[in-house]
Amino acid sequence: MRTRFYNPSKLEVNFAKAVKDLTPQLETKLDEGERVIGIESVHDADNPLVIFKLEDKEGDLHEVVVQIIQRPDSIVK
């Protein structure tokens, strides 16, 4: 079935939710003392976002933003 709506597409939203759900596994890949302290999901944006709020070993706060972009069917080979 061809995707007709991309802003956001159901696939993008489901993929963003899956990334958020994988947070415990992602956190195990961080260095010792680094941790995820919060997650914000924006599923209704043109390209869904998952924003990870992180704390490093020194207690400094950081954000890593994962943006999900599905390419139109006509571009994918």
Side-chain angles (χ1 to χ4, degrees):
M1 179 173 92
R2 295 282 178 200
T3 303
R4 295 176 193 256
F5 303 102
Y6 288 94
N7 298 323
S9 74
K10 185 175 179 181
L11 181 60
E12 287 175 328
V13 171
N14 288 340
F15 199 86
K17 289 177 181 177
V19 169
K20 180 182 177 184
D21 291 345
L22 289 171
T23 300
Q25 289 93 327
L26 295 173
E27 196 168 25
T28 67
K29 303 298 183 184
L30 299 175
D31 287 341
E32 187 176 328
E34 299 173 338
R35 63 190 185 108
V36 177
I37 59 170
I39 306 166
E40 179 183 347
S41 296
V42 183
H43 295 139
D44 59 349
D46 180 7
N47 300 114
L49 303 169
V50 182
I51 303 165
F52 293 91
K53 298 178 186 299
L54 307 169
E55 184 178 69
D56 66 17
K57 297 173 192 176
E58 291 80 32
D60 296 329
L61 301 178
H62 304 275
E63 287 187 354
V64 173
V65 179
V66 178
Q67 185 173 32
I68 309 300
I69 302 171
Q70 181 182 357
R71 292 185 173 171
D73 294 340
S74 61
I75 295 177
V76 178
K77 296 181 182 184

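No side-chain heavy atom of V36 sits less than 4.5 Å from a side-chain heavy atom of L26. The shortest side-chain heavy-atom distance between V19 and F52 falls under the 4.5 Å cut-off. Between K57 and E34, some side-chain heavy-atom pair lies under the 4.5 Å cut-off.
Interatomic distance, CG of L61 versus CG of D56, reported as 8.0 Å (0.5 Å rounding). Rounding to the nearest 0.5 angstrom, the gap separating the CG atom in D44 from the CG atom in L49 is 9.5 Å. Distance check, rounded to the nearest 0.5 Å: NE2 of H43 to CG of N14 gives 9.0 Å.
Judged by distance alone, with hydrogens and angles left aside, the side-chain atoms of E12 form no donor-acceptor pair with the main-chain N or O of P48 at under 3.5 Å.
L11 and I68 fall into different hydrophobic clusters, where Ile, Leu, Val, Met, Phe, Trp and Tyr side chains are chained together by heavy-atom contacts under 4.5 Å. Linking ILVMFWY residues whenever their side-chain heavy atoms come closer than 4.5 Å, directly or via other members, leaves I69 and V13 in distinct clusters. At a threshold of 4.5 Å between side-chain heavy atoms, the hydrophobic network of Ile, Leu, Val, Met, Phe, Trp and Tyr places V66 and I39 in one connected group. With hydrophobic clusters built from ILVMFWY side chains whose heavy atoms lie under 4.5 angstrom apart, L30 does not share a cluster with I37. Note on L54 and V50: same hydrophobic cluster, where clusters join Ile, Leu, Val, Met, Phe, Trp and Tyr whose side-chain heavy atoms are under 4.5 Å apart, directly or indirectly.
The two residues A45 and V42 have their closest heavy-atom pair at CB-CG1, 3.8 Å.
Checked against salt bridge (charged side-chain N to carboxylate O under 4.0 Å, His left out), K53 has the following partners two or more places apart in sequence or in another chain: E63.
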